[in-house]
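Atoms within a ligand are numbered from 1 in the order they appear, just like the ligands themselves.
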Amino acid sequence: MDTKNMRVLALGEEATLGDTRFYPGARLLITCSLCGWAKSYNVERVIERLRQLKSGGQPTRLGQVARRVAWPCPGCGRVKWRAQFAYPPGFSEADHRRLTNRYRN
Ligand SMILES: [Zn+2]
């Protein structure tokens, strides 16, 4: 996925993975703080994985998610990650409304 043009949500590190329910369609974006290399993930799948490992889930904060990433950055080889929610490129307000309605029903 094209992570360069993703629209990052202005949430702090205290936001939790469970907050994804307020932002349907958003993905979890893991970005290297040093060089900007980034990769995005399906939030539900990350929550499921943490629950399987019994090491987190919906209450896990974005700051904790970032610190859990142990692999070195493919771009610069260092380990300093940032975790954020972001909408994929081209994701519109209309998409947001449609997904929000689907979630409600
Ligand atoms: Zn890097």
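Heavy atoms only, all atoms of each residue included: Ser40 and Arg27 are closest at OG-NE, 2.9 Å. Of all heavy-atom pairs between Ala83 and Ile30, the closest is CB-CD1, 3.9 Å. The shortest heavy-atom contact between Phe85 and Leu62 is CZ-CD2, 4.1 Å. Taking every heavy atom of both residues into account, Cys73 and Trp37 meet most closely at SG-CB, 3.6 Å.
Arg61 meets the side chain to side chain donor-acceptor pair (under 3.5 Å) test with Glu14; sequence neighbours excluded.
Between the NZ atom in Lys39 and the CG atom in Leu28 there is a gap of 11.0 Å [rounded to 0.5 Å].
Within the protein, the number of N, O or S atoms lying under 2.8 Å from the Zn ion (ligand 1) is 4.
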